Engineer: 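The structure that follows is given in the form of structure tokens.
Predicted model only: the values in this text are computed from it and were never measured. A, B, ... follow the sequence lines: proteins, then strands. Residue 1 opens every chain.
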Amino acid sequence: MKTEPGTFSWEDLQKCKKKTTHWEGVRNYQARNFMMHEMKIGDGILFYHSVVKPTAIMGIARVSKNAYPDFFAFDPDSNYYDPKSSFDNPRWFMVDITFERSFRSPLTLDEIKTIPELKEMNLLKKGNRLSIQPVSQKEWNKIQKLRP
DNA sequence: GCCAACGTTGGC
DNA sequence: GCCAACGTTGGC
């Protein structure tokens with residue numbers, strides 16, 4: 001899961017009550033569908049800081065609640081308000097995520113690029129803009145070895 | 001700050 | 001259903 005640390009950072013997550021937050025504001029259908037259909041309680045998450053250098057995976061979080069309606073879409077005062085999403089027919093969904101552990105040092109995009117096993121990661125693909133991306137088992141295992 | 005990539009919108 | 005215009009993302 002990608003986030004701009006200026007909006008919501010790895011440190012912010014650790015300051016949350018129970019180190020848990022709802023992942024509101026996803027307004028892309030592919031990312032939404034992935035949350036709705038693929039992400040389940042207990043699944044591992046690589047938490048990635050985009051835009052602000054050094055861009056890097058900061059650590060591991062877990063899905064702690066399956067997808068449910070993103071209620072920020074119902075709030076006219078929210079930046080994430082979407083009048084086309086209603087309580088009865090919600091268009092946008094979110095999951096809850098919980099902090100698990102920080103990497104000793106962030107796994108930077110530059111480092112990821114040097115690792116042959118991670119060459120196929122969605123993160124490295126040109127034009128990739130999706131804020132939530134699947135990670136293969138192989139990639140996951142390799143990253144655990146790099147940052148035990 | 002630039003710009004490629006790409007998703008969304010809306011007129012037709 | 002097409003596609004031009006527009007907005008956003010995000011690495012560089």
Engineer: Under 4.0 Å between a side-chain N or O of A:Y48 and OP1 or OP2 of C:dG11?
Structural biologist: yes
Engineer: Scan A:K138, A:Q144, A:Q137 and name whichever one has a side-chain hydrogen bond (donor to acceptor under 3.5 Å, both in side chains) with A:N141.
Structural biologist: A:Q137
Engineer: C:dC12 C1' sits how many Å from A:K125 NZ, rounded?
Structural biologist: 20 Å
Engineer: Could you write out each protein N or O paired with an N or O of nucleotides 4-6 of chain B at a distance under 3.5 Å?
Structural biologist:
from: B:dA5; atom 1: OP1; to: A:K126; atom 2: NZ; distance (Å): 3.1
from: B:dA5; atom 1: N3; to: A:R129; atom 2: NH1; distance (Å): 3.0
from: B:dC6; atom 1: O4'; to: A:R129; atom 2: NH1; distance (Å): 3.3
from: B:dC6; atom 1: O2; to: A:R129; atom 2: NH1; distance (Å): 2.3

Engineer: For the pair made of CD in A:Q133 and P in C:dG10, what is the distance, rounded to whole Å?
Structural biologist: 9 Å
Engineer: Taking any heavy-atom pair under 4.0 Å as a contact, classify A:K113: base, sugar-phosphate, or nothing.
Structural biologist: sugar-phosphate
Engineer: Nearest to the side chain of A:K2, which nucleotide is it out of B:dG7, C:dG10, C:dG11?
Structural biologist: C:dG10
Engineer: Hey, what's the ring geometry for A:F47 with A:W23, parallel, tilted or perpendicular (30° and 60° as the breaks)?
Structural biologist: perpendicular
Engineer: Rounded off to whole Å, could you give me the CD1-to-P distance for the A:I132 and B:dG7 pair?
Structural biologist: 15 Å
Engineer: In terms of the nearest nucleotide of DNA chain B, which residue is placed more toward the 5' end: A:K53 or A:R27?
Structural biologist: A:K53
Engineer: Which parts of residues 79-89 of chain A get close to DNA chain B, meaning a heavy atom less than 4.0 angstrom away?
Structural biologist: A:K84
Engineer: Please check if A:I60 and A:I115 belong to a single hydrophobic cluster, counting links between Ile, Leu, Val, Met, Phe, Trp and Tyr side chain heavy atoms closer than 4.5 Å.
Structural biologist: yes
Engineer: Counting only heavy atoms from other residues, nucleotides and ligands, does the tally under 6.0 Å from NZ of A:K145 exceed 12?
Structural biologist: no
Engineer: In terms of ring plane angle, is the pair A:F71 and A:H22 parallel, tilted or perpendicular, where the classes change at 30° and 60°?
Structural biologist: perpendicular
Engineer: Examine the side chains of A:T7 and A:E4 and answer whether a donor and an acceptor come within less than 3.5 Å of each other.
Structural biologist: no
Engineer: In a table with atom names and distances, give each donor-acceptor pair under 3.5 Å that connects a side chain of residues 88-95 of chain A to protein atoms at least two apart or in another chain.
Structural biologist:
from: A:R91; atom 1: NH1; to: A:Y29; atom 2: OH; distance (Å): 3.0
from: A:W92; atom 1: NE1; to: A:D82; atom 2: OD2; distance (Å): 2.7

Engineer: Could you tell me if A:Y68 and A:D96 have a donor-acceptor pair between their side chains, going purely by distance under 3.5 Å?
Structural biologist: yes
Engineer: Is atom CZ of A:R104 surrounded by more than 12 heavy atoms (other residues, nucleotides or ligands) closer than 6.0 Å?
Structural biologist: no
Engineer: Compare the minimum distances between each of C:dC12, C:dG11, B:dG7 and the side chain of A:Q30, then state the nucleotide with the smallest one.
Structural biologist: B:dG7
Engineer: Using whole Å, what does the distance between atom C1' of nucleotide C:dG10 and atom CG of A:N122 come to?
Structural biologist: 15 Å
